[in-house]
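Structure first, then comments.
Lettering follows sequence order; numbering is per chain, from 1. No hydrogens, no waters, no symmetry mates; every other heavy atom, side chains included, goes into these values.
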Amino acid sequence: MKEKIYIGVAWPYANGSLHLGHMAGCYLPADIFARFCRMNGKDVLMVSGSDEHGTPITITAEKENTTPQAIADRYNKEHTENMKQFGISFDLFTRTTTENHKKVVQDLFLTLYKNKYIYRKSVESFYCEKCKRFLPDRYIEGTCPYCGNENARGDQCDECGKILDPQDLQNAKCKICGSSPKIRTSEHLFLALSKFESKLLDWISDKGHWKSSVMKFTKNWLENGLKDKAITRDMEWGIKVPVEGFEDKRIYVWFDAVTGYLSASKEWSQNLGNPDKWEEWWKNKQAKHYYFLAKDNIPFHSLIWPSMLMGYDESLELPYDIPANEYLTLSGEQFSKSRGVAVWVPDILEKFDPDAVRYYLSINMPENKDTNWTWEDFVTKNNNELVGTYGNFVHRTITFTQKNFGEIPKQGILSNFDKEALEKIEAASKEVSDALEKCNFKIGLRSAMNLSQFGNQYFDQNQPWNLIKEDEERCAAVLHICLKIVTALSVLMAPYLPFSSDKIWNMLGHKDSVHIANWDDALSELNVGCPLEKPKPLFEKLSLKDIMAEADPFSNLDLRVAKVVEVKDHPDADRLYILQVDLGDLGKRVLVAGMKPYYSKDELTGKNIVIVTNLKPATIRGVKSDGMLLAAGGGTDTVVLLNPGDAKPGSAVFIEGIPKEPVSVLEFEDFKRIKMTVDEKQQIKYKEKTLHGEKGPIVTDKTVEKGVNVS
RNA sequence: AGCGGGGUGGGGUAGCCAGGAGAUCCCGACGGGCCCAUAACCCGUAGAUCAGUGGUUCGAAUCCACUCCCCGCUACCA
């Protein structure tokens with residue numbers, strides 16, 4: 001029987017689009033690994049799906065005046081499509097709102113309950129009477145009892161870093177509606193994680209092949225002792241708790257989501273008309289289970305999910321490896337929807353070849369530490385490595401052969417150099433394969449790239465363009481070797497660059513897809529005599545300028561909240577103030593602003609305002625202004641500041657859906673072209689989208705007429 | 001605060017767990033070659049006391065201790 005490989009990939013939460021962090025974090029590595037395994041004759045089952053329950057989705061639904069299911073439907077559809085476009089080769093990408101999933105989750109839950117791994121316990125938690133729901137810790141805000149920060153969350157205070165219980169907060173408020181929640185007692189069901197400690201310790205004892213970060217994290221949790229965790233919630237959106245007396249409660253989303261690994265396997269079997277087929281992976285000691293996810297998700301997969309499986313059915317396979325990645329950052333910042341830092345997958349798929357993106361994400365994968373996505377580096381690596389080294393070698397070889405021979409020429413007498421080339425192919429195939437077996441994706445890709453660099457060297461030194469005039473037979477022989485390198489590359493690159501590999505494979509006269517080819521076909525003989533067609537270049541060069549120009553000009557802006565520290569009169573101007581503002585971690589700055597007719601010094605001091613931080617500094621009447629504040633009002637009659645609420649100084653101001661990629665210096669001309677206006681709710685609109693800060697929409701400081709400009 | 005990861009030529013990175021000659025690769029800079037190829041490719045040169053300090057050792061980027069600096073996680077962000 002073929003070796004069974006199960007690949008579970010973290011379930012994306014269906015409350016927003018996918019961004020490149022998701023791709024680099026788990027979907028791309030999982031896909032590369034899956035494709036590689038399939039080419040090596042393994043029987044792969046790779047599943048995932050949308051995680052569709054939980055509070056955030058219900059809140060989005062309320063905001064948009066629709067149902068949670070509608071939100072889940074929207075993003076499930078988008079995610080499914082994006083995965084396909086990006087070439088992520090799931091055997092099944094499903095969702096947590098299917099009947100099958102519900103059944104599997106409830107069965108697992110009930111079995112754990114019967115096996116005494118789930119028990120009842122009363123807890124006190126906050127209930128918001130206005131929103132009519134119990135509030136998750138993150139949705140409660142109040143004053144931190146330790147440092148006095150007024151914006152501490154129920155789970156933790158961001159200022160002092162202390163971990164809190166919501167009950168610790170003073171003046172607790174509902175983050176959604178702002179009213180004061182009341183404490184209510186409610187009975188919940190808890191998963192007895194503590195009962196699994198010794199079994200888990202035993203289980204991880206032979207996991208020496210795990211990444212050190214995964215192992216350390218896991219061990220650390222175990223050493224501190226596992227805390228039992230509540231796995232029910234008082235809400236409506238979710239899977240019903242199949243225990244008497246708990247009919248009104250729902251199963252906590254993470255319990256629900258990880259169970260997807262099992263339910264999706266079953267669904268896949270049913271779709272196949274062979275409902276027990278999943279057991280070949282799950283009830284098979286020879287099967288290896290891999291889970292791909294990013295670092296935030298480690299304990300769920302290394303501790304909680306294994307515990308659930310152990311408590312449910314001893315015969316089920318546990319994870320073999322959890323090659324968790326670190327994070328991809330965007331110009332040094334973590335991807336975050338709420339802070340407006342992201343490159344969205346739907347956007348990127350519209351603009352770029354998925355293989356180009358896959359290349360950059362693979363060669364720059366956050367395998368061992370966070371890595372940075374920059375547009376500049378993306379363009380450089382695309383142009384120099386993907387296009388220059390790899391694409392060019394393939395293209396020059398096939399073009400030259402086609403032009404001069406029209407078909408794949410036969411092998412000649414092997415020179416020493418030829419032999420070296422054949423050895424290189426073999427070595428590269430082994431190197432890539434060794435690396436991929438260990439989930440070392442960057443090393444594998446680098447090895448494949450080295451082979452294409454060797455191809456270029458071989459081509460250069462043999463000078464077929466001269467040979468064709470002098471020694472046609474030798475020329476044919478050289479090209480034959482080059483084409484063998486091309487063949488090998490299309491196989492070795494197939495896990496990474498599935499679309500272009502397939503094209504090359506077909507150019508070389510193969511009727512089928514490279515994805516049903518075998519890894520050993522990297523070394524296969526060529527179809528000598530097979531006619532060649534004039535090739536088109538595989539990849540395109542990119543221009544950083546075009547990319548930047550295509551982006552919305554708003555992306556170039558760096559808007560931030562600033563707190564006015566000090567206001568002075570400008571010595572040589574009637575209308576100007578000199579403000580010193582605090583940008584938190586970004587330090588302090590001096591701005592010159594014409595606010596004297598509209599605001600007194602006292603009014604301004606201590607106020608939170610919105611400023612442009614990356615505007616080219618200007619000297620105004622002899623004083624350098626390092627930035628500009630945003631205000632609403634066109635003429636001289638009224639000018640009012642923008643009010644970001646009590647957002648942190650230095651925090652970002654952004655528009656959802658427009659990626660924030662500020663240029664280092666923004667020309668004033670470019671800034672002037674960005675038209676923002678005030679709407680009837682006193683919110684700020686740009687292209688009908690609303691300007692946000694970390695505390696929600698930005699509004700004007702005082703009421704002004706609808707439609708006035710912001711500048 | 002606790003925990004985890006990281007700091008390697010101008011930028012980015014490999015090597016570190018299993019210590020050994022001039023420290024890897026990509027980009028960039030400089031010089032040269034080639035002209036088949038998407039102004040792509042190839043060759044060569046310069047550039048790093050491997051964050052710092054101390055230790056173990058015949059020998060340390062690698063092991064140990066301490067210090068500094070970045071980043072992340074802390075149980076619903078991949």
**Q.** Rounded distance in Å between the P positions of B:G72 and B:G55
**A.**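 The same atom, P, in both gives a distance of 35 Å.
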Q) Which value, in whole Å, describes the distance between the P atoms of nucleotides B:C63 and B:G19? A)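 Approximately 9 Å lies between the P atom of B:C63 and that of B:G19.
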Q) Rounded to whole angstrom units, what separation is found between the CZ atom of A:Arg474 and the C1' atom of B:C36? A)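 About 16 Å, once rounded to whole Å.
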Q. Nearest-Å distance, OH (A:Tyr390) to P (B:C41)?
A.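 Computing the A:Tyr390:OH to B:C41:P distance gives 16 Å.
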Would you mind classifying the nucleic acid contact of [X] as base, sugar-phosphate or nothing, using non-hydrogen atoms under 4.0 angstrom?
{"X": "A:Phe459", "value": "base"}
{"X": "A:Thr55", "value": "base"}
{"X": "A:Ile363", "value": "nothing"}
{"X": "A:Pro299", "value": "nothing"}
{"X": "A:Ile298", "value": "nothing"}
{"X": "A:Lys229", "value": "sugar-phosphate"}
{"X": "A:Gly54", "value": "nothing"}

With [X], which residues qualify under side-chain hydrogen bond (donor to acceptor under 3.5 Å, both in side chains), at least two apart?
{"X": "A:Tyr27", "answer": "none"}
{"X": "A:Trp11", "answer": "none"}
{"X": "A:Ser89", "answer": "A:Asp31, A:Arg38"}
{"X": "A:Asp370", "answer": "A:Lys295"}

Can you tell me which nucleotide in [options] comes closest to the side chain of [X]?
{"X": "A:Lys403", "options": "B:A75, B:C36, B:U38", "result": "B:C36"}
{"X": "A:Asn384", "options": "B:C27, B:G72, B:C41", "result": "B:C27"}
{"X": "A:Thr380", "options": "B:A37, B:A75, B:C27", "result": "B:C27"}
{"X": "A:Asn392", "options": "B:A37, B:C35, B:C26", "result": "B:A37"}
{"X": "A:Lys227", "options": "B:A75, B:A37, B:G72", "result": "B:A75"}
{"X": "A:Tyr252", "options": "B:C73, B:C76, B:A37", "result": "B:C76"}
{"X": "A:Phe539", "options": "B:C34, B:U38, B:A78", "result": "B:U38"}
{"X": "A:Trp254", "options": "B:A78, B:C76, B:C27", "result": "B:C76"}
{"X": "A:Ile304", "options": "B:A37, B:A75, B:U38", "result": "B:A75"}
{"X": "A:Asp460", "options": "B:A75, B:G33, B:A78", "result": "B:G33"}

With sequence neighbours left out, write down each residue that passes side chain to side chain contact (heavy atoms under 4.5 Å, CB included) with [X], or none if nothing qualifies.
{"X": "A:Gln402", "result": "A:Leu532, A:Lys534"}
{"X": "A:Phe417", "result": "A:Ser415, A:Glu420, A:Phe454, A:Tyr458, A:Gln461, A:Asn462"}
{"X": "A:Glu197", "result": "A:Ser194, A:Leu222, A:Leu226"}

Q: Starting at the 5' end of RNA chain B, write a dot or bracket for each base, bracketing those in Watson-Crick or G-U wobble pairs whose two distances are under 3.5 Å and using | for partners on another strand.
A: ((((((((.[[[..)....(....]]].(((((.......))))).....[[[[[..)....]]]]])))))))....
Q) Just wondering, do A:Val345 and A:Glu81 contact through their side chains at under 4.5 Å, heavy atoms? A)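 No, too far: nothing below the 4.5 Å cut-off.
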Q | Earlier contact from the 5' end, RNA chain B, for A:Gly388 and A:Asp296 | A |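 Per heavy-atom nearest nucleotide, the more 5' residue is A:Gly388.
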(Q) Are B:C36 and A:Phe400 stacked, with the base six-membered ring and the side-chain ring centres under 5.5 Å apart and planes under 30°? (A)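 Stack criterion not met.
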Can you pull every protein N or O that's under 3.5 Å from an N or O on nucleotides 6-16 of chain B?
from	atom 1	to	atom 2	distance (Å)
B:A14	OP2	A:Lys369	NZ	3.1

Q: Using distance alone, with no hydrogens and no angle criterion, decide if A:Asp234 and A:His188 have a side-chain donor and acceptor under 3.5 Å apart.
A: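 A pair is found: one side chain offers a donor N or O, the other an acceptor, under 3.5 Å apart.
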Q: Identify which one of A:Asn372, A:Thr371, A:Asp296 satisfies the side chain to side chain donor-acceptor pair (under 3.5 Å) criterion when paired with A:Tyr327.
A: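 Going through A:Asn372, A:Thr371, A:Asp296 one by one, the side chain to side chain donor-acceptor pair (under 3.5 Å) with A:Tyr327 is satisfied by A:Asp296 alone.
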**Q.** Cation-pi, A:Phe459 ring and A:Arg396 (6.0 angstrom, 45 degrees)
**A.**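 Cation-pi check for A:Arg396 and A:Phe459: passes.
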Interface polar pairs with nucleotides 43-45 of chain B, N/O, under 3.5 angstrom:
from	atom 1	to	atom 2	distance (Å)
B:C43	OP1	A:Gln457	NE2	2.7

Q) Quick one: salt bridge (charged side-chain N to carboxylate O under 4.0 Å, His left out) pairs with a partner in residues 379-392 of chain A, sequence neighbours left out? A)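 For residues 379-392 of chain A: A:Asp377-A:Lys381, A:Glu385-A:Arg446.
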Q | Pairing residues for A:Arg95 by the salt bridge (charged side-chain N to carboxylate O under 4.0 Å, His left out) criterion, not counting sequence neighbours | A |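 A:Glu52, A:Asp73.
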